[in-house]
J.: 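Here you go, one structure.
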Amino acid sequence: MSLGQQLAPHLPFLRRYGRALTGSQHHGDKYVRATLEAIVAAPEEFPRDVDPRLALYRTFQAIWASSHIDELPEAGDANEQEMVARARLARMTPLSRQALLLTAMEGFTPEDAAYLIDVGADEVEDLVSEAMAEIERQTRARVLIIEDEPIIAMDVETIVRDLGHDVTGVAVTRDEAVALAMEDRPGLVLADIQLADDSSGIDAVKDILAEFRVPVIFITAFPERLLTGERPEPTFLITKPFQRSTVKAAISQALFFDQSTVPAL
């Protein structure tokens with residue numbers, strides 16, 4: 001099997017990581033593209049002594065650490081969300097963000113995360129705790145949950161409340177989701193794709209976003225329906241079955257990059 005064939009299944013998820021790390025599909029994809037260009041330019045330098053996925057992320061991390069591709073534009077060129085992201089990122093060390101996303105969202109072990117960000121394995125847990133604490137200090141929101149499976153909805157609601165957020169409602173259909181969003185505007189939406197009446201959570205989110213801007217996290221058993229590369233993709237996508245820590249990390253990161261949650265000064 002060629003190297004390209006080995007890496008191909010992991011690229012959609014590397015793109016997800018890039019989006020979550022930078023808060024932007026545009027910036028995240030630039031990093032992934034630079035990573036692939038580096039591998040093509042010097043295939044002999046690609047790590048061969050570890051799993052291909054680990055080696056791919058290691059190459060990405062090397063690009064991240066040595067370049068400024070993800071730097072946000074100057075104040076005069078940045079949009080509002082990017083300005084907020086810059087302010088918040090200034091308060092958090094890059095390593096803590098990386099450690100959080102690599103372990104909680106990408107599913108790497110602390111040992112693998114330590115290899116990827118080039119720190120001691122005993123430091124990863126402290127970095128993750130630092131990231132979560134900093135994000136939680138900066139973000140609070142009202143959350144709409146769109147989920148038709150009662151047990152999963154209850155679990156997600158518990159996670160949301162444990163993080164200190166309020167739940168505006170739990171919807172099981174597209175129409176109910178839109179109605180709840182219009183009645184009590186949320187600051188974050190957590191949405192499944194397949195809903196109770198065979199309606200689509202994707203369509204529900206589109207309807208909501210047509211009325212107002214709000215960060216969205218999709219939690220789904222069908223990630224391939226969103227990770228196509230053919231249209232703008234969600235910055236935050238969680239695959240079922242999920243770990244509670246994954247949902248917590250995604251919520252924290254989504255709110256971290258949303259200007260509506262900036263604390264009042």
J.: Any side-chain heavy atom of I152 within less than 4.5 Å of one from F242?
T.: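 Yes, their side chains come closer than 4.5 Å.
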
J.: Write down the atom of I219, the atom of K240, and the distance for their closest heavy-atom approach.
T.: O-CE, 3.6 Å

J.: Taking it one step at a time, do M182 and V178 satisfy side chain to side chain contact (heavy atoms under 4.5 Å, CB included)?
T.: CA-CA 6 Å; M182 296 304 104; V178 175; 4.3 Å; yes

J.: Quick one: do M105 and Q243 satisfy side chain to side chain contact (heavy atoms under 4.5 Å, CB included)? Show the steps, please.
T.: CA-CA 9 Å; M105 182 171 288; Q243 298 291 325; over 6 Å; no

J.: Would you say E147's side chain and E149's backbone share a donor-acceptor pair under 3.5 angstrom?
T.: yes

J.: Would you mind reporting whether R15 and D29 have side-chain heavy atoms less than 4.5 Å apart?
T.: yes

J.: So do Y31 and L14 actually touch side chain to side chain, heavy atoms under 4.5 Å?
T.: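 Not in contact.
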
J.: Hey, does D148 have a side-chain heavy atom less than 4.5 Å from the side chain of T173?
T.: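 Not in contact.
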
J.: Taking V160's backbone N and O only, do any of them form a donor-acceptor pair with H165's side chain (distance below 3.5 Å, no angle check)?
T.: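 No, the answer is negative, given that no donor and acceptor are paired below the 3.5 Å cut-off.
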
J.: Would you check, one step at a time, whether the test side chain to side chain donor-acceptor pair (under 3.5 Å) holds for Q61 with Y115?
T.: CA-CA 10 Å; Q61 290 296 134; Y115 167 76; over 6 Å; no

J.: Taking side chain as C-beta onward, heavy atoms only, is F60 less than 4.5 Å from L21?
T.: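 Yes, at least one pair of side-chain atoms sits under 4.5 Å.
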
J.: Testing the basics here: between V124 and P110, what is the closest heavy-atom pair and its distance to 0.1 Å?
T.: CG2-O, 3.5 Å

J.: Is there a continuous path of hydrophobic side-chain contacts, each under 4.5 Å between heavy atoms, that joins I146 to L209?
T.: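 I146 clusters together with L209.
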
J.: Is there a side-chain contact between R16 and F236 (heavy atoms, below 4.5 Å)?
T.: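 Answer no - side chains too far apart.
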
J.: What distance separates Q98 CD from D118 CG, expressed to the nearest 0.5 Å?
T.: 11.0 Å

J.: Is there a donor-acceptor pair closer than 3.5 Å between any side-chain N or O of Q5 and the backbone N or O of S2?
T.: yes

J.: Grouping I, L, V, M, F, W and Y whenever their side-chain heavy atoms are under 4.5 Å apart, do L7 and V40 come out in a common cluster?
T.: no

J.: Are the charged groups of D162 and R244 less than 4.0 angstrom apart, N to O?
T.: yes

J.: Please examine the side chains of F218 and I238, heavy atoms only from C-beta on, and report whether any two atoms are closer than 4.5 Å.
T.: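 I238 vs F218: side chains apart.
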
J.: Hey, are the side chains of L36 and L11 touching, using non-hydrogen atoms and a 4.5 Å cut-off?
T.: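 Touching, per the 4.5 Å side-chain cut-off.
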
J.: If Ile, Leu, Val, Met, Phe, Trp and Tyr residues are connected whenever their side-chain heavy atoms lie under 4.5 Å apart, and connections chain through other members, are F212 and I202 in the same group?
T.: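 They do share one cluster, since a chain of ILVMFWY contacts under 4.5 Å joins F212 to I202.
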
J.: Find out if a path of hydrophobic residues (ILVMFWY) with successive side-chain heavy-atom gaps under 4.5 Å connects V170 to M154.
T.: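 No; M154 is not reachable from V170 via cluster members.
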
J.: Are the side chain of T103 and the backbone N or O of A99 linked by a donor-acceptor pair below 3.5 Å?
T.: yes

J.: Take L95 and V119 through the side chain to side chain contact (heavy atoms under 4.5 Å, CB included) test and state the conclusion after the steps.
T.: CA-CA 9 Å; L95 281 182; V119 300; 3.9 Å; yes

J.: Dump the intermediate steps for side chain to side chain contact (heavy atoms under 4.5 Å, CB included) on V189 and V143, then the final yes or no.
T.: CA-CA 6 Å; V189 175; V143 182; over 6 Å; no

J.: When rounded to the nearest 0.5 angstrom, what is the spacing between CG in L163 and CZ in R161?
T.: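 With rounding to 0.5 Å, CG (L163) is 12.0 Å from CZ (R161).
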
J.: Determine the minimum heavy-atom distance between P186 and A181, stating which atoms define it.
T.: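 Scanning both residues, the minimum pair turns out to be CD-O, 3.9 Å.
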
J.: Work out which heavy atom in A38 is nearest to a heavy atom in I63; give both atom names and the distance.
T.: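 Here A38 and I63 meet closest at CB-CD1, 4.0 Å.
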
J.: So if you build clusters from Ile, Leu, Val, Met, Phe, Trp, Tyr with side-chain heavy-atom gaps below 4.5 Å, do V247 and V128 land together?
T.: yes

J.: What pair of heavy atoms forms the shortest contact from A177 to A204, and how long is it?
T.: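 Looks like CB-CB, 4.1 Å.
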
J.: In sequence, state the C-alpha distance, the side-chain angles, and the governing distance for Y57 and F108, and then conclude on ring-ring contact (aromatic ring centres under 6.0 Å, His included).
T.: CA-CA 10 Å; Y57 277 70; F108 286 106; 4.9 Å; yes

J.: Could you state the interatomic distance from CD1 (I208) to CG (D203), rounded to the nearest 0.5 Å?
T.: 11.0 Å

J.: Determine the minimum heavy-atom distance between A41 and P43, stating which atoms define it.
T.: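 Of all heavy-atom pairs spanning A41 and P43, the closest is C-CD, 3.6 Å.
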
